[in-house]
Amino acid sequence: MTTSWADSVENAAPGGVVGTSSTQSRSAYVPPHLRNRPPSSDPPTAPPSYATAALGNDRSGYGGMSAGGSRSSGPRGGGGRIGGGWNNRSGGWDRGREREVNPFGDDDDTEQAFGEQENTGINFDAYEDIPVETSGENVPRPVTTFADIDLGEALNQNIRRCKYVKPTPVQRHAIPISIAGRDLMACAQTGSGKTAAFCFPIISGIMRGNQFVQRPPRMPRMAFPQALILSPTRELSCQIHDEAKKFAYQTGVRVVVAYGGAPINQQLRDLERGVDILVATPGRLVDLLERARVSLQMIRYLALDEADRMLDMGFEPQIRKIVQQMDMPPPGMRQTMLFSATFPKEIQRLAADFLSGYIFLAVGRVGSSTDLIVQRVEFVHESDKRSHLMDLLHAQKTNGVHGKQALTLVFVETKKGADSLEHWLCINGFPATAIHGDRTQQEREQALRSFKSGLTPILVATDVAARGLDIPHVAHVVNFDLPNDIDDYVHRIGRTGRAGKTGLATAFFNENNSSLARSLSDLMQEANQEVPAWLSRVAARSIYGKNRRGGGRFGARDFRRESSFSRGGTDYYGGGNMGNNYNASGGYGGAYGAGVTSAWD
DNA sequence: AAAAAAT
């Protein structure tokens, strides 16, 4: 057995790791990001607060719902998987059968692994004064460090391996809320660390709860996940799965992904080996439920990423089926977390069906409100779009950033449009690829890889790529065709300007987009962007209403406050009896060295 | 009207 980098870290980490059976001597190697850190900066292990925190999510009372009777005081699933302690890594479920793949890929060559990460130069100052609004009853106080909450040593190690030093604003608020067992509707720009915000509490909760959770009924070939994470696209589910695997590494918490377009057999095998957290797209999950290969009766956590999309017309029936018409415990018996950058009122109203006594959390729109993304709108007739795009691409050809070609993501309206634009770009000497829902899953993943690697630095995409995908180094988002919904615009431009980096978003506007004029103009104004005079004129004439968010710093407001406190929509600090406001500043004091980053997803 | 999501 090779000495993994992870083992070395563990050995180097002070604080007395409980349950580590050190049968062999390990080197005392300290990885770069942990050097120069005083031992005292490590989170203490298992402070007394842990016991009380654990009560917060004690939803084990729904025992009556499942068959099979007796409460199990021991670990479930056989094999003594958890063994009652944090950080039990070697015992149990994976013994002999498979070695858990190190998702950090740093077993042998740590330096190289970290050298490839390009997360220096993060502009923490840009996040200093992010406004935060919470509403709901008894909102738990936010934390300022990961150590303020005991997530468990194994998870803490993974947080360190990810080089997350400070929680992001959404994490500071969302993690204590979900650790306290509360339902949550969270509005925060993708790229602000949402994935970790719901994964950390889930993983931690599964680890701590395992010895209390009822053993699932003995049903061969039926999987009983404790957490379900749903997302609207296959690629996003993959991405969440990859992230969750990192966070869950050597915690004993098993993460499996299931989505369409890929052979189901491997997914079935993965499920049979055991799953605690299932990441899925809705269609494939319904399939698995109908085949009776997955049961939701042990679900303790439900997370919907891009929740407003999941509840819009296209997805709502499937989501209702999964959440309300199968065997999932009802609200109050499970913990539900909804995340998105945008949350229209009407969707919030729908979402209330899935929640119980929830807390609404809004973190100021990072991407569009901090000048990190420069937004431009140009009037381009339909017939001129291609040559105009060509001009843009020519102009930026020379602007490669540190040797790497700047990536350009071009959004179009239709799948056909994506194909034809890709073809046109290619025959005109621009290395482009395309992604849309009519391509095979292989083609989709290939396109994404080829784009990320810079092999084809231009990606033409439909809205399949609009949400959630984290593609580093996207310098330019072009809205070749503007969407009809301003929320889609927000998600699209959010593919650039991530992790504190700057980005450019160019929109081609013409008479077909007049319905968007008003909201686009308002949005840009709020983000301190230069609004062209012609756009202001079109917006002023527009018969379409003002941005339904009512302007301001948040992607949405708690609709529950709307009726009693609607005074023009800008009064976020109006002193409603259920509202709380915090200022998120104070955490990013600049105490970071190169290569150390916060948890911007 | 379009896109996404099961086979």
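Order of the sequence lines fixes the chain letters, A, B, ..., with proteins taken first and strands second; residue numbering starts at 1 for each chain.
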Give the rounded distance in Å between these two atoms: [atom1] of [X] and [atom2] of [N].
X: A/F315; N: B/dA2; atom1: CZ; atom2: P; result: 18 Å
X: A/L482; N: B/dA3; atom1: CG; atom2: P; result: 16 Å
X: A/I435; N: B/dA5; atom1: CD1; atom2: C1'; result: 14 Å
X: A/Y259; N: B/dA5; atom1: OH; atom2: P; result: 11 Å
X: A/F411; N: B/dA2; atom1: CZ; atom2: P; result: 19 Å
X: A/D481; N: B/dA1; atom1: CG; atom2: P; result: 17 Å
X: A/D419; N: B/dA2; atom1: CG; atom2: P; result: 15 Å
X: A/I264; N: B/dT7; atom1: CD1; atom2: C1'; result: 9 Å

Using the side-chain heavy atoms of [X], tell me which of these nucleotides is nearest: [options].
X: A/T414; options: B/dA3, B/dA6, B/dA1; answer: B/dA3
X: A/T462; options: B/dA4, B/dA2, B/dA1; answer: B/dA4
X: A/R284; options: B/dA2, B/dA4, B/dA6; answer: B/dA6
X: A/E413; options: B/dA6, B/dA5, B/dA2; answer: B/dA2
X: A/K415; options: B/dA1, B/dA4, B/dA6; answer: B/dA4

Passing option when A/F200 is tested against A/I175, A/T195, A/N158 for side-chain contact (heavy atoms from CB on, under 4.5 Å)
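Per the side-chain contact (heavy atoms from CB on, under 4.5 Å) rule, the option paired with A/F200 is A/I175, out of A/I175, A/T195, A/N158.
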Assert yes or no for the condition that the ring centre distance of A/W424 to A/F430 is strictly below 6.0 Å.
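No, ring centres 6.0 Å or more apart.
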Under 4.0 Å between any heavy atoms, over every strand shown, what does [X] touch: base, sugar-phosphate, or nothing? Just pick one.
X: A/V286; answer: nothing
X: A/G260; answer: sugar-phosphate
X: A/D287; answer: base

A/D481 and its salt bridge (charged side-chain N to carboxylate O under 4.0 Å, His left out) partner, picked from A/K385, A/R386, A/K416
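One option only clears the test, and that one is A/K385.
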Can you see if the side chain of [X] gets near the phosphate of [N] - specifically, an N or O under 4.0 Å from OP1 or OP2?
X: A/T281; N: B/dA6; value: yes
X: A/R291; N: B/dA6; value: no
X: A/R234; N: B/dA5; value: yes
X: A/R492; N: B/dA3; value: no

So, A/E378 and A/R376, do they make that salt bridge, N to O below 4.0 Å?
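Yes, charged N to carboxylate O under 4.0 Å.
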Stepwise side chain to side chain contact (heavy atoms under 4.5 Å, CB included) test for A/F354 and A/R334
CA-CA 10 Å; A/F354 300 101; A/R334 60 160 199 261; 3.8 Å; yes
